[in-house]
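Ligands are counted one by one from 1 in listed order, and the atoms in each one are counted from 1 as well.
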Amino acid sequence: MTRPFLDFPRDFVFGVATAAYQIEGAHDEGGRTPSIWDTFSHTPGKTWKGHTGDVACDHYHRYPKDIALMKELGIRAYRLSIAWPRMVPERGVKNQQGIDFYKHLLTALHEAEITPAVTLYHWDLPQWLDDLGGWLNRDVTEHFAEYAELVHRELGDLIPRVITHNEPWCSSFLGYALGVHAPGHTDWREAFTAAHHILLSHGRAVQAYRAAGGSGEVGITLNFTWIDPASTQPEDVAAAERVAGFSNRWFIQPVFSGTYPTDVAALVESRFGAMDFVKAGDLDVISTPVDFLGVNYYTRNVVAHQPNGDWLQVRHVAPPKEAQTEMGWEIHPESLYRLLHWIERNYTKGTPLYITENGAAFDDAVEDGAVHDVRRIDYVADHLAAAQRFIAEGGRLKGYYLWSLLDNYEWAFGYSKRFGIVHVDYETQARTVKDSARWYSGQIAHQHAAPTAE
Ligand code: FCB
């Protein structure tokens, strides 16, 4: 409450974000079949206390009330994702109940004057596709393009902004190399193969969307971690460049420049074998022009050279305790400012950017019907200030979607991390508006009261 509101251009979009598996629940209702996250979360030892998304925030049943709450808070933009296994529960089968669910949800949003942005893939690959090899099977790119077309055909009129993928870095590296996300594999060669197929499926989906006459905006969301070297020593600077190459350039460069970074590619090939999964013409498909880039930003990493360390030969330097969120991530808004400039200067060059996720987990508690999450207000206000500076310097940033509307299922961390501006009691499903939601609501009202159009 304490933080002053910020002035943004009149048409700047302020929204909130969620994802299907993290909030919907109803995992076996309405004709939905399992995704890789159902399989993974039900495998003993994979998630915190064995938590699953079976019920989550029960949004599948409670969406009318959740939308009413958004409206009450004055929220006018909402990023959500569609669960692929609700739409296509089996090979070649379209599920009318799933289509109807999203039709009703999207219609209700429009009626509440909340503009949806829809992510097609926020990590819930249908299990039947994983049984065919998942993202390791090149054919899955074809299935994804068909799914994108189906969403467009059935729901396109209701979706003005489409995001093909959320954070391919996580889907591929956390899922196929580090084993901490579904499908839980631990093989770097697989991870780079999956990453390539995910990017290829993005390009195919953009082409399918355009071919089908899609008139909305289409883009992709990438996650970025700003990387700083631990010292000015040349070996630490080089270590930081390697990690930045792996974390950031590996995805943005193919999408915007149609090439993989040669320095990282050389490392990958020397460690994990020839990148023969890249076929002629793939990079042209991957770099099909998009209407925007979604930027997810939470933190930065500080890294040092470490011989005989992991394959990147680096070690991470832990941030000071007082600068960490509940995830252990460093709070560093300045790096958002630097990142936006770096992205625009080197890659997007004027293609609009949206911050499609930014937010923080803190150990919130409800006291007398309130949650005084002052640190979250500071986090959001400081990151908005960084975004505002970028815009003031001519940066093409058109919106900000706060992660997240609700506390929700934080993947392998289960329900132990709370990112919401609305608190969820998982026993009762009661929603409690946190102070951060009231502050954000004030920021949005301030925005809409702005006198002049820019
Ligand atoms: C991002 C994910 C999102 C959420 C936040 C905290 O990596 O896209 O689903 O889990 O982190």
Q | N or O contact, W403 vs ligand 1, cut-off under 3.5 Å | A | no
Q. Which ligand 1 atoms, with their elements, are less than 4.0 angstrom from a heavy-atom of F419?
A. 6 (C)
**Q.** Pairing of R79 and E357 as salt bridge, 4.0 angstrom limit
**A.** yes
(Q) Among all the protein's non-hydrogen atoms, which is closest to atom 7 (O) of ligand 1, and how far away is it? (A) E167 OE1, 2.5 Å
Q: Please name the residue in the list F173, W135, F40, Y176 that meets the ring-ring contact (aromatic ring centres under 6.0 Å, His included) test with H185.
A: Y176
Q) For W411, does its backbone N or O pair with a side-chain atom of H181 as donor and acceptor, under 3.5 Å? A) no
Q. Non-hydrogen atoms of N223 versus ligand 1: any pair closer than 4.0 Å?
A. no
Q.
Check the orientation of H196 and Y260. Use parallel for under 30°, tilted for 30 to 60°, and perpendicular for over 60°.
A. tilted
Q. What atoms in ligand 1 come closer than 4.0 Å to a heavy atom of N166?
A. 8 (O)
Q: Give a yes/no on ligand 1: does H122 have at least one heavy atom closer than 4.0 angstrom to it?
A: yes
(Q) Between Y78 and Y401 (side chain of the first, backbone of the second, donor and acceptor by atom type, cut-off under 3.5 Å), is there such a pair? (A) no
Q) Aromatic rings F390 and H341: how do their planes relate, parallel, tilted or perpendicular, breaks at 30° and 60°? A) perpendicular
Q) So which protein heavy atom does atom 5 (C) of ligand 1 come closest to, and at what separation? A) Y298 OH, 3.2 Å
Q) Within 45° of the axis and under 6.0 Å from the centre of the six-membered ring of F362, does NZ or CZ of R375 qualify? A) no
Q) Under 4.0 Å from any heavy atom of Q22, which atoms of ligand 1 are there? A) 3 (C), 4 (C), 9 (O), 10 (O)
Q. Atom 1 (C) of ligand 1: which protein heavy atom is closest, and how many Å away?
A. E357 OE1, 3.1 Å
Q | atom 10 (O) of ligand 1: nearest protein contact (heavy atom, Å) | A | E410 OE1, 2.7 Å
